[in-house]
Number of protein chains: 2
Amino acid sequence: MATMHDVARLAQVSVSTVSYVLTGTRPISQATREKVLAAMAELDYQPNAMARGLASRRSRILGLLMPMDERGLGATETAFVTGAAAAASAVGYHLVLSPVGGGNLDDLRRLASQRMLDGVVLMEVQLADERVTVLQEAGVPLVLIGRTGDTTGLSYVDIDFEQTVREAVAHLVGLGHRRIVYVNHSAATLASGYGPALRTRDAFVAAMTGHGLEPVMIPAEDSAAGGRAALAAAFARTPELTAVLAMNETAIFGILGELTGRGLSVPADVSVVSMVTSPQVAELATPALTAMTSPGSALGRIAIEALVRHLDGPGHERHQQLLPCALEIRGSTAGPRRPAPVSTEPSPTSGG
Amino acid sequence: MATMHDVARLAQVSVSTVSYVLTGTRPISQATREKVLAAMAELDYQPNAMARGLASRRSRILGLLMPMDERGLGATETAFVTGAAAAASAVGYHLVLSPVGGGNLDDLRRLASQRMLDGVVLMEVQLADERVTVLQEAGVPLVLIGRTGDTTGLSYVDIDFEQTVREAVAHLVGLGHRRIVYVNHSAATLASGYGPALRTRDAFVAAMTGHGLEPVMIPAEDSAAGGRAALAAAFARTPELTAVLAMNETAIFGILGELTGRGLSVPADVSVVSMVTSPQVAELATPALTAMTSPGSALGRIAIEALVRHLDGPGHERHQQLLPCALEIRGSTAGPRRPAPVSTEPSPTSGG
DNA sequence: AATGATCGTCGAAGCGTTTCGACGAAGCGG
DNA sequence: CCGCTTCGTCGAAACGCTTCGACGATCATT
C-alpha cells in the first residue's frame, strides 16, 4: 500500500505538497500538481482514512443512531436509513449504523467521546429524549429525525403531522364522511412520549373539531391482532363509523382483515386512509390503500445534508424543517354509503 | 478531551503502561492497573478511535455493502442489516453501511483501499459477482450473505433454498396438492444471475419431479401488479392449479388480490405458501400466510460473527453455512377441494 | 551462588496524515 | 532598484495511540 511518502518521492516533491494537492488547502502550481497526480496514479495511491482522521480531527464518518428494538424496522424507518446512507455516500462521508437505545446512555456517551463520529443523526426521537442531552454535552453535531418537545437550538427534520392529519381528514370529510375514527399507536407508546403518536392525536382532535366533528381515537398494538382489536373497539364506541384513519402501519392490515371478517367492504362500507405509509406497503393491500405517503428517504437525505452543511461551514446554524406526507388516493376511500350533509365551514361550536 | 498522556501523568506511569492496561497486550501488576484505572475514571478518559486505528492498523469498523437500488429494502434484507448492526455492536465493532452497486466497482476499490474497513459483509451477491473479486484483490476479509456460483475459498452464509423449497413442496403435497405453481422473481432477475431465484427454480423442479409431479414456474415482476399478471399466467398454463408457491414477497399480495378477484378463496380453493418471508409480512395478509420464515437477522448476525472470528483469530478459515427457512403454518394452506391421491414415493419417471 | 527465565515497566520509534511557520522567488508600486 | 506582498514549496511538529526492544527485579533451576 503506497503512502504519501512514496508519492512524494516519486514526484520529487515534499510530503506536504502532496497533501496540499489532495486537500487544496494551499495553492499548488499546475506543473507540480500534475507531477503529483501522475505519481499517485502510478502508485495507485489511496489516502489512509485513519491517518487522515487522526491528523485532521475529522473522520468523515457520520453516525445514524437508532434504538433497535424487538420488531425491527418498518418500511418508513428503513427508508430513513437507505436515504441517509445514499446521501452520506454522495457527499463523501461514511455512515455508521449504531443501535443505541434509550437504555444504554453510557454506551452512547462512550460512542460520542471516541471521536470517531464527526456528527450524528438521531432517529426515533422521543418528546423528552435524554440521548439528545448526552450528545449535546459531548459536543457532537446533531440532527434529529423527529423532534423533542423543546427544539430550541436543535436541528431536525420531521414529518409535518399536523398538516398530514389535516389533509387526511379533509379528504375524508370532502368525500362526505362524518364518523371518522383514528387508530393510533398503542397506549403504551403514547404514554412513552412517542412524538408522532402524540402529535397526530392532537392534530386529529384539532382537525375534527375544526370540521365540527367528534374526534374518536383508538389506540392499537403494533400487530395485525392489535388492528383487529382496535377496529372492534371502534365499532363498539362508534357503531355508525364510515371511515378509519390509521397511523399504525402494522395494525392496518388487521383492520382490513377485521372489516372483511365483519362482511364490510372497503371502500363501499368503510373508507380507510393509512397515515405515514410507504407506497410499497399501500400497494400490498386489496384494494390498494389511499394513504398519506411518508417522505421516507427524503427525510434521511435531508438530515444528512443538513448535518454535513453544519460540519463544513459552521456558519449554518439550526436546520428545522417539516415535511408533510402526500395524499395518494388509491382504492380504499370513497363516499359513505349514505352520505351525511357536511358543511365545509367550521361548525359554530368550534369557533373558526 | 483527555489523552493517554494525561492518564499516564496522573497515574505516574508511562504511556505504554496505560496502553497495556487497556489492551492487555502485556502483563501489568494489580497495583499499577488500579492506579491507571483510577486515573482514567477521574479524567473520564476515552481512547481516540482514529489514533488507535492508525497505530494498530485495525479500525474496528466493518462494512456492510449493499447495492441500493430503486425499490429499497424488503423486510428480509432489512433484517440482515439490523441483525448485522446488533451483532457488530455486541462484539465491539462499528458497522458502516455502504451502498455500492455492481456498477461502480471503482468506488468499491477505493473504499477497500482506504484501510478504513477491517472487513466486509457483502449482501445481494450475484452468482457471478465482480465485487467479490475486487474485494479479494484488495485483500479485504470478506463474508457473503448469499453466495457466488463458485464458492471455493469464500466464506458465506446463505439460505438453504434447496431444503426450503423441498419442505414447502412437501407441505403442499402432504396436504394433497398435485398441481402446484411456483411464482418466482422476474425473468430479468433470473437472467441477471440472481442466486435465490435460480436456486429455488432448480430446487422446485427437483422437488416436484421427485414427487412425480410437473414443475410449473411463472416469473413475476416485483410488484402487486406483477403478482396479478403471474397468477393470470399461471391459470392460463395450469387451469386446475390448487396451490401457489411464491418466492416474490412483493408479488404475493397481488396474487392474493387476484385470487379474491376471481372469486377464489384462500385456502379453500387455492393454497398459498410464501417463501423466504418475514413473519411480520406473513401476518399482514388475510388469511395470514403459511410461509417459509427466513432466518433474517440471524443471517446478518452469523455473517458478522464469522467475519470477526476471522479477523481476531486467523486460524479460522472459510465459514460456509446454509440456513433453511422454517415452515410456519398459518391460514393460507389447506387440503385441495378435491384431493387427488398422491404417492409419497417418488414416481418411476424420476428414478428415486 | 551463579544462570537463566519471567515479570513489570519504560522510552522511543513508528503509524500516515495535516498543518504551521518559514523561506526563496516572483511580481509590483514608487 | 528597493522594500512589500503574494505564490509555491519545504521541513518539522503535531495528532494519540500501539508496539518493540531493553532493562532492572524477582524467581525458579541447577
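Model, not experiment: these values are computed from the prediction. Residue numbers start from 1 in every chain, and the chains themselves are labelled A, B, ... in the order their sequence lines are given, proteins ahead of strands.
- For residues 35-53 of chain A, proximity to DNA chain D is found at no residue, defined as any non-hydrogen atom under 4.0 angstrom from a strand atom.
- Taking atom CZ of A/Arg33 as the reference point, atom C1' of D/dC7 lies 13 Å away to the nearest angstrom.
- Rounding to whole angstrom units, OH of residue B/Tyr20 and P of D/dT19 are separated by 8 Å.
- Following rounding to the nearest Å, A/Met4 (CE) and D/dA12 (C1') show an atom-to-atom distance of 15 Å.
- The phosphate of C/dC10 (OP1 or OP2) has a side-chain N or O of B/Thr17 nearer than 4.0 angstrom.
- Shown are B/Leu122, B/Leu144, B/Val125, B/Leu142; of these, the side chain to side chain contact (heavy atoms under 4.5 Å, CB included) with B/Leu65 is made only by B/Leu122.
- Below the 3.5 angstrom threshold, one finds a donor paired with an acceptor across the side chain of A/Ser16 and the base of D/dG11.
- Rounding to whole angstrom units, CZ of residue B/Arg57 and P of D/dT19 are separated by 7 Å.
- The nearest heavy atom of DNA chain C to B/Ile28 and to B/Leu54 marks one nucleotide each, and the one closer to the 5' end goes with B/Ile28.
- Under a cut-off of 6.0 angstrom, the local environment of CD in B/Gln321 is crowded, with over 12 non-hydrogen atoms contributed by other residues, nucleotides or ligands.
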Between B/Asp312 and B/Arg58, does the salt bridge (Lys or Arg N to Asp or Glu O under 4.0 Å) criterion hold? Intermediate values first, please. CA-CA 10 Å; B/Asp312 287 351; B/Arg58 316 269 258 79; 3.5 Å; yes
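- Other residues, nucleotides and ligands contribute more than 12 heavy atoms inside 6.0 Å of the CD atom of B/Gln136.
- B/Ser19 has a side-chain polar atom (N or O) that falls below the 4.0 Å cut-off from OP1 or OP2 of D/dT18.
- The nearest pair of heavy atoms linking B/Met116 to A/Ala49 is CE-CB, 3.5 Å.
- For residues 145-157 of chain A, the pairs satisfying side-chain hydrogen bond (donor to acceptor under 3.5 Å, both in side chains) are A/Arg147-A/Asp158, A/Asp150-A/Thr152, with sequence neighbours left out.
- For A/Ser14 and D/dC10, the shortest distance from a side-chain N or O to OP1 or OP2 is below 4.0 Å.
- For the contact set between residues 106-120 of chain B and DNA chain C, defined by any heavy atom under 4.0 Å, there are no members.
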